[in-house]
Peer 1: 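Here you go, one structure.
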Amino acid sequence: MERIFQVLAVVLIGVAAFFLWRGYGDGAFAAAVLGCVAFFLNIRYQVKKRVEKRNAEILEGKYGRGLPVSEADHSTDEYSAMPEPRIVEHKIPPQD
């Protein structure tokens, strides 16, 4: 999918350059905008794939020890020893 958007971005920027060379400013603008959209969609798919891979690695590391899910959720880590947060209320005196 990424390769399609890469090729589309290059082709559309080439079309924009051609339109600009021929004097069609509106067509050049439209082609350049579509080329930029294709480029950023390419980046989006690359990042999405990277995040999915990283999430799978994290889940494999957390749940891949052969523990049932309920035990794996409550395994000891650096945050399990921390106390629960408290709500502290401060009373502000009324201003005269």
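This chain uses plain numbering: 1 for the first residue, then up along the sequence.
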Peer 1: What I'd like to find out is whether the side chain of Q46 reaches to under 4.5 Å of the side chain of I43, using heavy atoms alone.
Peer 2: yes
Peer 1: Testing the basics here: between A16 and A32, what is the closest heavy-atom pair and its distance to 0.1 Å?
Peer 2: CB-N, 3.6 Å
Peer 1: Search all heavy atoms of A9 against all heavy atoms of G35 and return the closest pair with its distance.
Peer 2: CB-O, 3.5 Å
Peer 1: Using the rule that Ile, Leu, Val, Met, Phe, Trp and Tyr join whenever any side-chain heavy atoms are under 4.5 Å apart, tell me whether W21 and V15 fall into a single cluster.
Peer 2: yes
Peer 1: Report whether L8 and V47 are members of the same hydrophobic cluster (ILVMFWY, side-chain heavy atoms less than 4.5 Å apart, transitive linking).
Peer 2: no
Peer 1: Sequence neighbours excluded, which residues qualify as salt bridge (charged side-chain N to carboxylate O under 4.0 Å, His left out) partners of K48?
Peer 2: none
Peer 1: Taking the six-membered ring for Trp, are F5 and Y45 parallel (under 30°), tilted (30 to 60°) or perpendicular (over 60°)?
Peer 2: parallel
Peer 1: Mind checking ring-ring contact (aromatic ring centres under 6.0 Å, His included) for F39 and listing every partner two or more places apart, or none if nothing turns up?
Peer 2: none
Peer 1: When hydrophobic residues are tied together by side-chain contacts of less than 4.5 Å, even through go-betweens, does F18 share a cluster with V11?
Peer 2: yes
Peer 1: Does D26 CG have over 12 foreign heavy atoms under 6.0 Å away?
Peer 2: no
Peer 1: Say you draw a straight line from CZ of F19 to CG of L12; how long is it, rounded to the nearest 0.5 Å?
Peer 2: 10.0 Å
